[in-house]
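Okay, so here's the structure we're looking at.
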There are 2 protein chains.
Amino acid sequence: MKNQSNAICLCPLDGVIDTIGKKWGLLIVNEIGNHGILRYNELMSELKGISPSTLASMLKDLEKEELIEKEVFREIPPRVEYSLSTRGRELREAIIPLIKWASKKGNYSIHCSCNLFK
Amino acid sequence: MKNQSNAICLCPLDGVIDTIGKKWGLLIVNEIGNHGILRYNELMSELKGISPSTLASMLKDLEKEELIEKEVFREIPPRVEYSLSTRGRELREAIIPLIKWASKKGNYSIHCSCNLFK
DNA sequence: CTGAATCCTACAAGATACTG
DNA sequence: CAGTATCTTGTAGGATTCAG
């Protein structure tokens with residue numbers, strides 16, 4: 001630790017950043033995390049403003065990155081459940097410091113009623 | 001803490017996410033953090049691939065968000081030094097868990113020689 | 001040296017209609 | 001219900017040139 005600078009390298013973020021850096025990336029992961037299990041239409045309702053095409057494309061992305069898991073029930077009408085993978089749950093933990101940091105300056109409280117880090 | 005769910009609210013990120021979520025946002029903050037002080041052209045060199053217009057626009061953004069500080073020396077040739085604000089330094093700390101998380105799955109090591117979290 | 005001005009391209013993401 | 005198929009728009013970000 002002496003001969004090594006305190007430099008931080010961001011390379012580890014290289015791949016995932018393209019997914020979780022997108023507008024809805026963290027939002028979706030967190031929403032599923034908050035509920036445990038969510039279906040497509042439930043996500044559409046919770047994430048106010050997202051379009052079906054955007055949501056579908058994001059879900060594919062998140063699944064490919066192994067942040068969420070998808071279970072399909074061959075019923076009529078069809079049922080599909082989304083949940084977080086272990087990796088997804090760990091991500092949700094990992095961003096807590098970032099949220100705490102952001103809360104410090106927050107003018108956000110004007111629009112948000114959450115009181116987690118106040 | 002009992003009557004409160006373990007739900008996480010992302011609203012605090014609302015404003016800053018538009019800055020640090022951009023392609024070069026965290027990169028610039030971190031690069032300045034690694035060096036302490038950096039000039040415009042030094043950033044151009046370190047951040048391989050960034051264009052002058054993009055860098056200039058990002059620096060304005062980051063300054064507006066009070067993540068970096070800018071000091072202008074009225075010399076010839078002109079000299080401008082960028083450094084992290086306290087808030088910027090705290091941000092840099094806050095993303096460490098995220099980097100550690102990302103490192104766990106890392107195929108990143110192929111392209112990156114940093115060994116901080118291995 | 002430190003940017004600003006201009007032009008251009010790629011892509012995220014919204015709106016809408018439709019299907020198995 | 002859970003998406004797909006199109007179409008459109010806004011904007012990030014690159015390339016290049018110029019200026020104080």
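Computed from a predicted model, the values in this text were never measured in an experiment. A, B, ... follow the sequence lines: proteins, then strands. Residue 1 opens every chain.
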Would you mind classifying the nucleic acid contact of B:S57 as base, sugar-phosphate or nothing, using non-hydrogen atoms under 4.0 angstrom?
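Contact class for B:S57: none.
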If you look at every strand shown and take non-hydrogen atoms under 4.0 Å, does A:F73 touch a base, only sugar-phosphate, or nothing?
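Nothing: the residue A:F73, judged by heavy atoms under 4.0 Å, touches no strand.
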Earlier contact from the 5' end, DNA chain C, for B:P77 and A:I50
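Looking at DNA chain C, the more 5' nearest nucleotide goes with B:P77.
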Quick one, A:V80 and A:Y40 - any side-chain contact, counting heavy atoms below 4.5 Å?
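No. Closest side-chain heavy atoms not under 4.5 Å.
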Would you say [N] has OP1 or OP2 under 4.0 Å from some side-chain N or O of [X]?
X     : N      : answer
B:K70 : C:dT2  : no
A:W24 : C:dG14 : yes
A:R39 : D:dC1  : no
B:K60 : C:dA4  : yes
B:T54 : D:dG14 : yes
A:K23 : C:dG14 : yes
A:Y82 : D:dC1  : no

Atom pair [atom1] ([X]) and [atom2] ([Y]), whose distance is rounded to the nearest 0.5 Å:
X     : Y     : atom1 : atom2 : answer
B:E81 : B:E69 : CD    : CD    : 12.5 Å
B:L59 : B:I28 : CG    : CD1   : 5.5 Å
A:M58 : A:L47 : CE    : CG    : 10.0 Å

Do B:S53 and D:dA15 share a donor-acceptor pair, side chain to base, under 3.5 Å?
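In this structure, the two groups form a donor-acceptor pair.
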Among C:dA13, D:dG13, D:dC1, which nucleotide sits nearest the side chain of B:M58?
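Of the options given, the side chain of B:M58 lies nearest D:dG13.
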